[in-house]
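Accompanying notes for the structure given below.
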Protein chains: 2
Amino acid sequence: MFEKLLNLEPKRREEIINAALKEFAAKGFDDASTNVIAKEAGISKSLMFHYVNNKKDFFLFLYEYCLEIIKKEYFYLVDLSEKDIFERLRQTYMLKVKVLKKYPWIFDFTKVVVFTDSEAVKNELDERRKNLDEYSLLNFYGDIDISKFRENLDVEKSKQLIYWAIGGYANQILEEMRSDENYKADYEKIGIEFNGYLNELRKSFYK
Amino acid sequence: MFEKLLNLEPKRREEIINAALKEFAAKGFDDASTNVIAKEAGISKSLMFHYVNNKKDFFLFLYEYCLEIIKKEYFYLVDLSEKDIFERLRQTYMLKVKVLKKYPWIFDFTKVVVFTDSEAVKNELDERRKNLDEYSLLNFYGDIDISKFRENLDVEKSKQLIYWAIGGYANQILEEMRSDENYKADYEKIGIEFNGYLNELRKSFYK
DNA sequence: ACAAAATTGACCTATTAGGTTAATGAAATT
DNA sequence: AATTTCATTAACCTAATAGGTCAATTTTGT
């Protein structure tokens with residue numbers, strides 16, 4: 001059904017997909033405009049509808065497409081045998097950055113999908129959402145080693161604070177990536193900076 | 001110009017203002033719909049236009065109105081003589097929660113105003129924005145006491161992490177407030193929980 | 001030179017945009 | 001009780017935009 005879109009040369013395809021993800025993520029299904037998507041993708045609306053037959057199917061296609069990507073380039077690659085919270089964070093966020101470099105709106109899009117209540121797509125989404133459950137269940141951050149935390153700390157609170165703090169750093173990176181059109185994601189540099197922050201947290205929360 | 005709106009009984013006025021703040025915050029000036037605002041406020045569109053003469057003036061009015069509130073109920077109330085970072089955070093965020101209880105979208109709205117590039121309101125906003133500069137300059141978190149931090153820490157990084165972490169907690173409170181229609185903001189309870197998190201940070205980052 | 005594929009401008013109908021107007025319903029004044 | 005005033009709305013206006021189609025053109029491969 002979407003072979004035409006999928007057979008495009010990768011760069012082109014990603015431009016179109018990213019334009020759609022951005023618009024849908026920003027405005028939700030109902031308020032997103034196919035005109036805006038086409039313009040952002042740099043093609044005519046007619047050509048877009050040559051690739052995607054209609055708005056609703058496009059939206060649903062994107063959802064499945066994104067789930068596949070998130071699974072293959074994120075979920076499946078996390079090494080769950082690593083029990084150190086900071087190592088786990090390092091791993092997951094570096095993977096996340098890599099995915100976001102290619103698809104800057106992918107996580108916002110899936111978030112919008114989760115919270116959408118648009119009548120037009122609600123039913124179709126409900127069927128598809130089941131697939132996600134198994135993955136949200138396997139919590140990335142549940143099974144970690146708490147033996148290294150300082151003994152006077154409330155570990156649950158501390159973990160939460162650490163996630164929030166790192167989430168803040170990730171958001172900053174994300175904003176940089178989005179504001180710079182040709183942001184050259186220097187993973188090594190990001191990795192070093194990230195390590196800097198993780199080290200502060202290690203010094204603070206570990207004995 | 002907006003006496004009619006301002007002379008309404010407070011509850012009613014706030015309903016209308018909050019409906020508008022929510023819609024403008026969510027969609028920006030251009031994409032926000034006056035129909036949606038009226039519906040969310042629970043009044044007819046005609047009545048709304050009886051209060052506010054037009055969309056643009058309403059938007060600009062809201063901006064000034066919000067700045068006033070933020071100044072009077074937030075900026076001016078912060079005790080800048082308190083130099084302990086955690087006390088300062090406690091103070092500012094408790095004030096923020098109080099403001100957000102009354103106007104749950106006020107900070108999102110001002111954020112949208114800052115980043116809007118709508119031709120329709122750009123020029124008018126530019127004039128008004130100057131007023132804000134003086135306040136953004138006086139940085140709430142610049143002048144704090146760093147002597148109590150553990151000596152092996154990079155204080156700048158640590159401060160940043162603390163802000164991110166507390167920002168995460170604040171977002172959680174905010175989401176609770178918004179999801180619960182009749183959220184009874186129990187400041188005492190929030191204060192206690194907040195203190196819990198601040199204490200973990202104190203134990204971690206202070207010697 | 002020609003067939004096939006890629007691409008677009010012009011167009012269709014339905015809906016929504018911001019906003020006005022005349023009429024109604026309720027309160028206040030005489 | 002009659003009348004003036006204020007609060008409130010339904011119906012309506014025009015312009016723009018929505019999703020989507022289609023015939024025509026441009027580009028590509030042979």
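Because the structure is a prediction, the values reported are computed rather than measured. All chains are named by letter (A, B, ...) in the order of the sequence lines, taking the proteins before the strands, and each is independently numbered beginning at 1.
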- N-O pairing of A:Glu73 and A:Lys98 below 4.0 Å: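 Judged by the 4.0 Å cut-off on N to carboxylate O distance, A:Glu73 and A:Lys98 do not form a salt bridge.
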- Message: Between A:Lys122 and A:Asp117, does any NZ, NE, NH1 or NH2 come within less than 4.0 Å of an OD or OE carboxylate oxygen?
- Response: no
- Task: Provide, to the nearest angstrom, the distance between the CG atom belonging to A:Leu5 and the P atom belonging to C:dA6.
- Result: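 After rounding, the reported distance stands at 13 Å.
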- Item | Segment of DNA chain D, first to last nucleotide, that comes within the 4.0 Å heavy-atom reach of chain B | D:dT8 to D:dA10
- Verify whether one side chain among B:Tyr197 and A:Gln160 offers a donor that lies under 3.5 Å from an acceptor in the other.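 No, A:Gln160 and B:Tyr197 have no side-chain donor paired with an acceptor closer than 3.5 Å.
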- Query: Distance only, no hydrogens: is a donor on one side chain within 3.5 Å (strictly under) of an acceptor on the other, for B:Asn35 and B:Ser33?
  - Reply: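 Note: B:Asn35 and B:Ser33 side chains miss the donor-acceptor criterion.
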- Message: Does anything in residues 10-35 of chain A come within less than 4.0 Å of DNA chain D? Heavy atoms only, and list the residues if so.
- Response: A:Ala32, A:Ser33, A:Thr34, A:Asn35
Look at the aromatic rings of [X] and [Y] and report parallel, tilted or perpendicular, splitting at 30° and 60°.
X: A:Tyr169; Y: A:Phe194; value: parallel
X: A:Phe2; Y: A:Phe61; value: parallel
X: A:Phe149; Y: A:Phe86; value: tilted

Is it the case that the ring center of [Y] lies less than 6.0 angstrom away from the ring center of [X]?
X: A:Phe24; Y: A:Trp105; result: no
X: B:Tyr63; Y: B:Phe29; result: no
X: A:Phe109; Y: A:Phe59; result: yes

- Message: Here's a test of your reading of the structure: between A:Leu8 and B:Lys56, which maps to the more 5' nucleotide of DNA chain C?
- Response: A:Leu8
- Message: Short of 4.0 Å, heavy atom to strand atom, which residues of residues 36-53 of chain B count as contacting DNA chain C?
- Response: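 Listed by number, they are B:Lys45, B:Ser46, B:Phe49.
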